[in-house]
J.: 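Got a structure here, written out as structure tokens. Questions coming.
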Amino acid sequence: MSQFSGNTPKDELARLLPVAIFWSVFAYFLLRYLLVQLVGLHIQISGDSARAFWAFFIDPEHPARMVTVGYAELLIGLLCFEHLRRRGVEDCVLQAGRFGMLSIYLAAFATLVVPEIVFRTVIMFLDLIGREVPRLTTDENAGYFPPNQLMGLFISAVIIAPVVEEFLFRGFLMTSMQARGWPSWLIVILSAAAFTVLHVGYTGFGLMFIFMLGCMFGALRLWSGGLILPMAAHAAFNMKTFLFSYFNAYG
């Protein structure tokens, strides 16, 4: 039986595609914009007391700086889930899919190995033709975080981001596109493109790899029929990035 038993859930999800695009692509930027405006207004009114209150948001060295990013994503995920619950389609989006421990290990392993192979191949090719390897990020200090922010980074990147982002992009967004009957290859490409937009701070070269990861997560979603495998793969990749950043800075 299809996960859209009857026609109401499928039709509702098809109608919700613009809403899925909002929650997955635009909600984070809107929330950040509103916070910036709120903080600026508060500082204009209260001065130093407001700066002290919002230190976790405006001070790049604050211990809670990184975890606030994760909490912002978590808030968006919870609001999106509540929207789906009110429409009665949350169970259609939050499908676990078919998985086992072996498939989880293989998905995580593939996500760790395939991008590395592609990256090394690109480096070898650029070196062969005498071209400089482009940076992945626009900030040369992007891989460094103060020691007091590492726990917040771990919570945000390894725990919150894989769950919320997969729920939004491979869950709500992809399921809405499936409900409209779009071809699988187009669904994977569009969801990966939307996923890439969320990742500011990367160069064009870096965004190519983000897009590739999005396609891999989307393929896992289609193959398994649920979110467990893409969440596990996403968490594994972010854990690798976290460990690389840690040992590169404090090795």
J.: Any non-hydrogen side-chain atom of Met216 less than 4.5 Å from a side-chain atom of Pro115?
T.: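 A side-chain contact under 4.5 Å exists here.
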J.: Would you say the side-chain atoms of Glu166 pair up with the backbone N or O of Ile228, donor to acceptor, closer than 3.5 Å?
T.: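 Not a single qualifying donor-acceptor pair exists.
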J.: Nearest heavy-atom pair of Ile117 and Thr121: which atoms, and what distance?
T.: O-OG1, 2.7 Å
J.: How long is the straight-line distance from OG1 of Thr8 back to CD of Glu12, given to the nearest 0.5 Å?
T.: 8.5 Å
J.: Please find the pair of heavy atoms, one from Cys215 and one from Ala192, that lie closest to each other, and give the distance.
T.: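 Smallest interatomic distance, heavy atoms only, reads N-CB, 3.5 Å.
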J.: Between Leu136 and Phe125, is there shared hydrophobic-cluster membership here, with clusters defined by ILVMFWY side-chain heavy atoms closer than 4.5 Å?
T.: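 Same cluster: Leu136 reaches Phe125 through Ile, Leu, Val, Met, Phe, Trp or Tyr contacts under 4.5 Å.
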J.: With a 4.5 Å cut-off on side-chain heavy atoms, are Phe26 and Leu198 touching?
T.: no
J.: Just so I know, are the side chains of Leu84 and Arg87 near enough to count as touching, which here means a heavy-atom distance under 4.5 Å?
T.: no
J.: Counting C-beta onward and ignoring hydrogens, is there a side-chain heavy-atom pair between Leu38 and Leu34 closer than 4.5 Å?
T.: no
J.: Evaluate side chain to side chain contact (heavy atoms under 4.5 Å, CB included) for Leu173 paired with Ile21, printing each intermediate quantity in order.
T.: CA-CA 6 Å; Leu173 185 58; Ile21 294 172; 3.9 Å; yes
J.: Distance check, rounded to the nearest 0.5 Å: Met177 atom CE versus Leu190 atom CG?
T.: 5.5 Å
J.: Please step through side chain to side chain contact (heavy atoms under 4.5 Å, CB included) for the pair Ile160 and Tyr71, ending with a clear verdict.
T.: CA-CA 8 Å; Ile160 296 178; Tyr71 288 158; 4.0 Å; yes
J.: Please confirm whether the backbone N or O of Val69 pairs with a side-chain atom of Glu73, one donor and one acceptor, at under 3.5 Å?
T.: no
J.: Taking the six-membered ring for Trp, are Phe167 and Phe172 closer than 6.0 Å centroid to centroid?
T.: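 Ring centroids of Phe167 and Phe172 are no less than 6.0 Å from each other.
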J.: Okay, side chain of Ser156, backbone of Met66: is any donor-acceptor separation there less than 3.5 Å?
T.: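 The answer is yes, because a donor-acceptor pair under 3.5 Å joins these two groups.
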J.: Quick one: pull up OG1 in Thr68 and CD1 in Ile58 and give me the separation to the nearest 0.5 Å.
T.: 11.5 Å
J.: Is it the case that one hydrophobic cluster holds both Val36 and Phe56, taking links as side-chain heavy atoms less than 4.5 Å apart, direct or via other members?
T.: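 Yes, same cluster.
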J.: Between Glu90 and Phe81 (side chain of the first, backbone of the second, donor and acceptor by atom type, cut-off under 3.5 Å), is there such a pair?
T.: no
J.: Tell me, yes or no, whether the heavy-atom count around Gln37 atom CD, taken from other residues, nucleotides or ligands under 6.0 Å, exceeds 12.
T.: yes
J.: Which label fits Phe217 and His234: parallel for a plane angle under 30°, tilted from 30 to 60°, or perpendicular past 60°?
T.: parallel
J.: Side-chain heavy atoms under 4.5 angstrom apart, residues restricted to Ile, Leu, Val, Met, Phe, Trp, Tyr: same cluster for Phe99 and Met231?
T.: no
J.: Quick one: which of Phe237, Tyr202, Phe119 gives a ring-ring contact (aromatic ring centres under 6.0 Å, His included) with Phe209?
T.: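 It is Phe119; the other options fail the test.
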J.: Which heavy-atom pair separates Ala235 from Val158 by the least distance, and what is that distance?
T.: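 Shortest heavy-atom contact: CB-O, 3.8 Å.
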J.: Taking the side chain from Arg221 and the backbone from Arg170, do they hold a donor-acceptor pair closer than 3.5 Å?
T.: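 It does hold such a pair.
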J.: To the nearest 0.5 angstrom, please state how far the CG atom of Leu16 sits from the CZ atom of Arg180.
T.: 9.0 Å
J.: Is a donor on one side and an acceptor on the other found under 3.5 Å between the side chain of Ser103 and the backbone of Gly100?
T.: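 Checking the backbone N and O of Gly100 against the side chain of Ser103, a donor-acceptor pair under 3.5 Å is found.
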J.: At what distance, to the nearest 0.5 angstrom, does CD1 of Ile123 lie from CZ of Arg131?
T.: 14.5 Å
J.: Side chain to side chain contact (heavy atoms under 4.5 Å, CB included) between Trp182 and Leu17: does it pass, once the steps are laid out?
T.: CA-CA 12 Å; Trp182 293 4; Leu17 179 57; 3.5 Å; yes
J.: Is it the case that more than 12 heavy atoms not belonging to Phe211 sit under 6.0 Å from its CZ atom?
T.: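 Enclosed.
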J.: Measuring from Gln178:CD to Ser191:OG, what's the distance to the nearest 0.5 Å?
T.: 9.5 Å
J.: Looking only at heavy atoms, which two atoms of Leu150 and Phe242 are closest? And how far apart?
T.: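 Minimum heavy-atom separation between Leu150 and Phe242: O-CE1, 3.5 Å.
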J.: Which atom pair, heavy atoms only, marks the closest approach of Leu222 to Ser184?
T.: CD1-CB, 3.7 Å
J.: Counting N and O atoms only, with roles assigned by atom type, does the side chain of Thr203 sit under 3.5 Å from a partner on the main chain of Gly206, one being a donor and the other an acceptor?
T.: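 Looks like yes, one N/O pair under 3.5 Å.
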J.: Give a yes or no on whether a salt bridge exists between Glu61 and Arg65, defined as a side-chain N under 4.0 angstrom from a carboxylate O.
T.: no
J.: If I compare all heavy atoms of Phe195 with all of His199, which pair ends up nearest, and what's the gap?
T.: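 Closest approach of Phe195 to His199: O-ND1, 2.8 Å.
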J.: Got Val118 and Met212 here, is their nearest side-chain heavy-atom distance under 4.5 Å?
T.: yes
J.: Side-chain heavy atoms nearer than 4.5 Å, only ILVMFWY residues, links allowed to pass through others: does that put Leu13 and Leu79 together?
T.: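 Yes, Leu13 connects to Leu79 through the hydrophobic network.
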J.: Decide yes or no for Leu229 and Trp223: does some side-chain heavy atom of the first lie under 4.5 Å from some side-chain heavy atom of the second?
T.: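 Heavy-atom side-chain distance check passes, below 4.5 Å.
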J.: Is there side-chain contact between Lys240 and Glu116, with at least one heavy-atom pair below 4.5 Å?
T.: yes
J.: Quick check: are there more than 12 heavy atoms from other residues, nucleotides or ligands sitting under 6.0 Å from CZ of Phe29?
T.: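 Correct, the count exceeds 12.
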J.: Would you call Met174 and Phe169 a side-chain contact if the rule is heavy atoms closer than 4.5 Å?
T.: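 Heavy-atom side-chain distance check fails, nothing below 4.5 Å.
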J.: With hydrophobic residues grouped by side-chain heavy-atom distances under 4.5 Å, do Val200 and Tyr33 end up in a single group?
T.: yes
J.: Considering residues, nucleotides and ligands other than Phe22, do more than 12 of their heavy atoms fall under 6.0 Å from its CZ?
T.: yes
J.: More than 12 heavy atoms of other residues, nucleotides or ligands under 6.0 Å from CZ of Arg32: is that the case?
T.: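 It does not: Arg32 CZ has 12 such atoms or fewer within range.
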